[in-house]
Amino acid sequence: MPDLSHFKKYASHPVLLGTALLTATGLASRVIGFFYRIFLSHTIGAQGLGIYQLIFPVFALGIAFCAAGIQTAVSKYTAEAEGAGRCPQVCLYAGLVLSVSLSVLCAFIIYSGSDTIAVTILDEPRCGMLLRIISLALPLAAIHSCINGYYYGLQKTFVPSVSQLLEQVCRVLCVYLIYRICQNQERTVTAAMAVWGIVFGELAGALFSLTVMRFSRCRRNFGVCLRQIFSFSLPLTANRVLINFINSTEAILIPVCLKFYGYSNEDALSIFGILTGMAMPMILFPSVLTNSVSVMLLPSISQAKAQKNQALIHRTIRRTIESCLVLGFASTLFFLLTYSLIGQYLFANTLAGIYVRTLSFICPFMFLTTTLNSILHGLGHPTATLMLNLSGCLIRIAFIWFFVPVYGIRAYLYGILASQILTALCAVYLLNRSKDV
């Protein structure tokens with residue numbers, strides 16, 4: 001009989017098992033999303049798809065404001081409560097009160113000011129109705145994300161993984177059903193169909209999470225936990241909001257600066273589309289694994305910190321750095337060997353392959369930054385990650401503004417590389433200086 005003890009040891013490890021499950025469902029969701037985008041392009045057309053994409057910066061800012069940072073805080077304090085033998089559900093209740101309250105406020109602002117946002121910010125009046133629809137998804141997303149954060153804190157990924165996949169499947173099925181109804185009634189298919197799909201997907205995810213959740217009475221230390229989650233999530237929320245805002249600024253500045261370089265408006269938008277719609281998604285595809293690892297690292301590190309297990313923290317950081325560098329350099333090598341094939345056969349665009357070749361060098365640093373930021377969160381340093389991410393964004397903005405008008409889009413690619421190198425090295429430096437390591 002072969003010795004299966006090592007296999008059983010790793011298979012039962014919560015971080016490894018959770019990472020595998022999140023990675024599998026993440027890959028499945030991306031595959032479904034890929035075919036879903038093809039379906040949308042055929043049903044609502046390129047113009048409808050463009051209008052649909054315009055509302056996502058507003059929705060992303062809403063999620064960043066009312067849910068993203070609070071989910072991370074719920075995960076951290078749930079892990080610490082579990083490690084200290086306290087009732088962890090009080091952290092979930094505190095997170096829900098805070099997140100749902102903010103989401104209702106945010107949804108009201110977007111709903112009531114939808115026409116103003118559509119005209120003055122998005123410069124597209126037809127987005128008004130879409131913003132009113134998508135605002136309904138914010139409270140549902142807040143409930144869903146808090147419960148996910150609770151399960152991440154317990155290092156149990158089954159519910160978040162299933163809810164993620166269920167959300168994607170329900171979104172696609174609901175949109176297809178609306179499309180068939182519109183066809184039978186000979187009604188015009190618009191982008192609103194796809195936005196309703198988001199609402200129904202979030203509804204399915206929230207209902208599933210609430211259904212499987214076993215609620216218990218746990219009121220002790222509620223006020224303390226509420227203050228902890230608020231104070232910890234504040235810099236995280238500011239981080240997400242700033243990152244989303246600056247990403248939007250990047251999207252606006254790149255075509256403008258490319259025109260300063262000498263391109264026509266059509267050529268500038270075309271180059272921007274090749275970079276963000278073809279090359280970057282290809283480079284980001286392996287990050288499904290590191291994103292899953294980072295989700296599981298935060299509660300693991302938080303629990304080890306609560307137990308004052310510095311040896312485990314040190315060992316986790318070392319293995320994380322080694323694994324990210326191996327995956328990163330392997331991804332870089334793969335893209336360097338296949339960039340020509342990717343450009344010609346996958347995208348039918350030679351320029352896309354060239355951008356993939358240049359961007360391939362960011363892989364080790366990008367993977368490292370994602371996971372080390374999660375470790376810093378687990379150690380209780382959200383402000384440090386905020387400053388790191390903000391510094392990286394400002395470097396990219398500087399490259400766009402000062403160098404793209406002179407050297408073209410290649411300057412922006414080098415700006416991405418410089419920002420990733422800086423944030424990765426600074427994260428390693430901060431961990432070395434941390435007293436908890």
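All heavy atoms count here, side chains included; hydrogens, waters and symmetry mates do not.
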Shortest non-hydrogen separation from Ala67 to Ala142 and the atoms involved: CB-CA, 4.3 Å

Side-chain heavy atoms of Asp115 within contact of Arg132, under 4.5 Å: yes

Evaluation steps, side chain to side chain contact (heavy atoms under 4.5 Å, CB included), between Leu98 and Phe230: CA-CA 8 Å; Leu98 186 59; Phe230 176 77; 4.1 Å; yes

Closest non-hydrogen atom pair, Ala141 against Ile63: CB-CD1, 3.5 Å

Gap between atom CD of Gln164 and atom OG of Ser209 - 0.5 Å precision: 11.0 Å

Leu136 and Trp196, any side-chain heavy atoms less than 4.5 Å apart: yes

Nearest non-hydrogen partners of Ala107 and Ser135, listed with the distance: CB-O, 3.3 Å

Candidate list Ile32, Leu166, Ile198, test side chain to side chain contact (heavy atoms under 4.5 Å, CB included), partner Arg171, passing option: Ile198

Minimum heavy-atom distance between Ser360 and Thr332, given as atom pair plus value: O-OG1, 2.7 Å

Ile110, Leu130, Ile134 screened by side chain to side chain contact (heavy atoms under 4.5 Å, CB included) with Phe59, the one that passes: Ile134

Aromatic ring proximity, centroids under 6.0 angstrom, Phe335 and Tyr339: no

Heavy-atom side-chain proximity of Thr371 to Ile375 below 4.5 angstrom: no

Any His144 side-chain heavy atom under 4.5 Å of Glu167 side chain: yes

Met213 side chain near Leu92 side chain, heavy-atom distance below 4.5 Å: yes

Distance flag, aromatic centroids of Phe232 and Tyr77, threshold under 6.0 Å: yes

Donor-acceptor contact present, side-chain Thr78 to main-chain Leu154, <3.5 Å: no

Ser75 side chain to Gln71 backbone, donor-acceptor under 3.5 Å: no

Side chain proximity check, Leu413 to Tyr355, heavy atoms < 4.5 angstrom: yes

Separation of Leu131 CG from Ile109 CD1 (nearest 0.5 Å): 13.0 Å

Taking every non-hydrogen atom, the tightest pair across Ala64 and Asn244: CB-ND2, 3.6 Å

Crowding at CE, Met387 (>12 non-hydrogen neighbours, <6.0 Å): no

Within-4.5 Å side-chain heavy-atom neighbours: Tyr151 and Pro160: yes

Reported CG-to-CG distance for the pair Leu431 and Asn373, which is rounded to 0.5 angstrom: 9.0 Å

Atom pair CD/OG of Gln228 and Ser233 - distance to nearest 0.5 Å: 11.5 Å

Smallest separation among heavy atoms of Gly408 and Leu258, with atom names: C-CD2, 4.3 Å

Residues Leu388, Leu376; criterion side chain to side chain contact (heavy atoms under 4.5 Å, CB included); working and verdict: CA-CA 11 Å; Leu388 285 179; Leu376 284 169; 4.1 Å; yes

Side-chain heavy-atom pair Phe329, Cys363 within 4.5 angstrom cut-off: no

Verdict with supporting geometry, Arg357 and Ile354, side chain to side chain contact (heavy atoms under 4.5 Å, CB included): CA-CA 5 Å; Arg357 180 185 63 187; Ile354 295 173; 3.7 Å; yes

Partner residues of Phe65 under the ring-ring contact (aromatic ring centres under 6.0 Å, His included) criterion, sequence neighbours left out: none

Test side chain to side chain contact (heavy atoms under 4.5 Å, CB included) applied to Gln420 and Thr423, Leu422, Leu417, the passing residue: Thr423

Point-to-point distance, once rounded to the nearest 0.5 Å, from SG of Cys106 to OH of Tyr111: 15.0 Å

Separation of Leu284 CG from Phe367 CZ (nearest 0.5 Å): 8.0 Å

Sidechain-backbone polar pair: Ser99 side chain, Cys66 backbone, donor-acceptor under 3.5 Å: yes

Test side chain to side chain contact (heavy atoms under 4.5 Å, CB included) applied to Phe208 and Ser163, step by step: CA-CA 7 Å; Phe208 173 79; Ser163 64; 3.7 Å; yes

